[in-house]
Amino acid sequence: MNKTIKHLPQVRGDYKFDEPLKKYTWLNVGGPAEVMYLPADIDDLQYFLQNKPQNMPAFVLGSGSNLLVRDGGINGAVIKLENKNFQQWRIDGQKIYCGAGMQNRLLKQILPAHGLGGLEFLCSIPGSLGGAVRSNAGCFGTALSDVLISAKVMNGVGDILQVPAEDFHFAYRHSEFPADWIILELCLQGQLAETAQIEEKIKQNDEYRKTHQPQGIRTAGSTFKNPAGMRAWELIKNAGMAEVKIGGVRMSSQHCNFLENDGTATASQIEELGEKIIAAVKQKYDVILEWEVERVGKDSNGH
Ligand SMILES: Cc1cc2nc3c(=O)[nH]c(=O)nc-3n(C[C@H](O)[C@H](O)[C@H](O)COP(=O)(O)OP(=O)(O)OC[C@H]3O[C@@H](n4cnc5c(N)ncnc54)[C@H](O)[C@@H]3O)c2cc1C
């Protein structure tokens, strides 16, 4: 038995060993998690963090919609807040409290049913509420930072903290909080609105995506952040990289800032394609595109 596995605490949740991560990521690539841990609830997660081997790294996986997991996988524990105990929500006046494991799309039913507007943008972003914090997810002119009041967080040693939004130091597709913090619950500010109005906004946002963005493909959304005052897709197109392809990965013909895996690509091919685009844009415009997709884990050589 692997030494790390032998020293894992007895939890009420589940462990999966050598669990392939490609099935948990939208890009559908990536090697295994040494250990995947699915906590039963907050107390179980706390017990795990307090009793796991001290040198064991832990990474939280949301819905894998903004991740490029490298081919060698992730060392240590990959924590997934999949249990329904991490997906609870409640409304208090114009505020909604959502568990971090809840999918954003569930808000499509909740918001109109409770006449809570202002959060419609979130419904169309793939992924979980917890994942939206890390990248300050946003679209249609609004970002998570515009609506987050505070978050309940567990730090790397199992302490629970209530953190006000300003402590996340949000910027465009960026937040700053310690890598070992696990978001447990978000408190979001909504606004009173008519049900029909909320439903209409959600519908319009969905329709915009259907007509402007590729659907039903293995992607992670925008590959690169828009540099200040510029659009990444335009830079990619004008640098002659819109149709570039390496192995099973290419830029989408519908939106050339979206990567598309035909089902045969490896993580290293995807990363190589991204780096090629960065180099071409740098050469043409002297602008360095920054990855919006988060790259994690080790390559197939273990680096
Ligand atoms: C088709 C498509 C369209 C997209 N459109 C948009 C868009 O319009 N706007 C936008 O901003 N993004 C967009 N994205 C990217 C992605 O959906 C968002 O970044 C999303 O918020 C990621 O959430 P996730 O749960 O999938 O997180 P993951 O991809 O699993 O993880 C992302 C990061 O969040 C961290 N994380 C996840 N959960 C927690 C937690 N509970 N505590 C601490 N850290 C956590 C992970 O460790 C990782 O660092 C799109 C992606 C796709 C595939």
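In each ligand, atom 1 is the first atom listed, and ligand 1 is the first ligand listed.
- Every N/O-N/O distance between Glu292 and ligand 1 stays at or above 3.5 Å.
- The minimum heavy-atom distance between Pro164 and Ser150, with the atom names listed, is CA-CB, 4.0 Å.
- For atom 45 (C) of ligand 1, the nearest non-hydrogen atom from the set Ala143, Gly130, Ala58, Gly101 comes from Gly130.
- Side-chain N or O atoms of Asn83 include none that pairs as donor or acceptor with a backbone N or O of Phe86 at under 3.5 Å.
- Note: an N/O pair closer than 3.5 Å links Asn66 and ligand 1 by distance alone.
- Below 4.0 Å from some heavy atom of Trp26 lie the following atoms of ligand 1, by number and element: 53 (C).
- At under 3.5 Å, not a single nitrogen or oxygen of Asn136, backbone or side chain, sits near a nitrogen or oxygen of ligand 1.
- Counting side-chain heavy-atom gaps under 4.5 Å among Ile, Leu, Val, Met, Phe, Trp and Tyr, the cluster of Leu38 also holds Leu21, Tyr24, Met36, Phe59, Leu61, Leu67, Val69, Ile74, Val78, Val296.
- Contacts between Ser135 and ligand 1 below 4.0 angstrom, taking non-hydrogen atoms only, involve the side chain exclusively.
- For ligand 1, none of its N or O atoms has an N or O atom of Cys139 under 3.5 Å away.
- An N or O contact shorter than 3.5 Å is missing between Asn104 and ligand 1 by distance.
- For the atom pair Glu243 CD and Ser253 OG, the distance stands at 8.5 Å (nearest 0.5 Å).
- Only the side chain of Phe59 comes within contact range of ligand 1, with a heavy atom under 4.0 Å; no backbone atom does.
- Contact annotation: Arg173 has at least one heavy atom less than 4.0 Å from an atom of ligand 1.
- If you look at Leu81 next to ligand 1, the close heavy atoms, those under 4.0 Å, all belong to the side chain.
- Checking only distances, Arg209 does come within under 3.5 Å of ligand 1, N or O to N or O.
- One N or O on the side chain of His212 and one on the backbone of Tyr208 form a donor-acceptor pair closer than 3.5 Å.
- The aromatic ring centres of Phe140 and Phe121 sit 6.0 Å or more apart.
- Taking only nitrogen or oxygen atoms, main chain and side chain alike, Ile183 reaches within less than 3.5 Å of ligand 1.
- Remark: side-chain polar atoms of Gln50 are not paired, donor with acceptor, to backbone N or O of Asp159 under 3.5 angstrom.
- Within ligand 1, counting atoms from 1 as listed, the ones closer than 4.0 Å to a heavy atom of Gly221 are 2 (C), 3 (C), 4 (C), 50 (C), 51 (C), 52 (C), 53 (C).
- Counting only heavy atoms of the protein, atom 35 (C) of ligand 1 lies nearest to Arg134 CB, 3.9 Å.
- Remark: ligand 1 atoms within the under-4.0 Å shell around heavy atoms of Ile182 are 42 (N).
- Under a 4.0 angstrom heavy-atom cut-off, Phe86 registers as lying outside contact with ligand 1.
- In terms of protein heavy-atom proximity, atom 13 (C) of ligand 1 is nearest to Ile125 CG2, 3.9 Å.
- Note that the NZ atom of Lys298 and the CZ atom of Arg70 stand 12.0 Å from one another [nearest 0.5 Å].
- At the top of the distance list for atom 25 (O) of ligand 1, counting protein heavy atoms only, stands Ser128 OG, 2.6 Å.
- The aromatic rings of Phe168 and Phe170 lie parallel to each other, with less than 30° between the two planes, well short of the 60° mark.
- Trp291 forms part of a hydrophobic cluster together with Leu27, Val29, Leu68, Phe224, Met230, Leu235, Ile236, Met241, Val244, Ile246, Val249, Met251, Leu259, Ile270, Leu273, Ile277, Ile278, Val281, Tyr285, Val287, Ile288, Leu289, Val293, judged by ILVMFWY side-chain heavy-atom separations under 4.5 Å.
- Atoms of ligand 1 found under 4.0 Å from any heavy atom of Gly138 (numbered from 1 in listed order, with element): 7 (C), 8 (O), 9 (N), 10 (C), 11 (O).
- Counting only non-hydrogen atoms, the option in Ala220, Gly127, Ala137, Gly62 that gets closest to atom 14 (N) of ligand 1 is Ala220.
- Heavy atoms of Ser65 found under 4.0 angstrom from ligand 1 belong to the backbone as well as the side chain.
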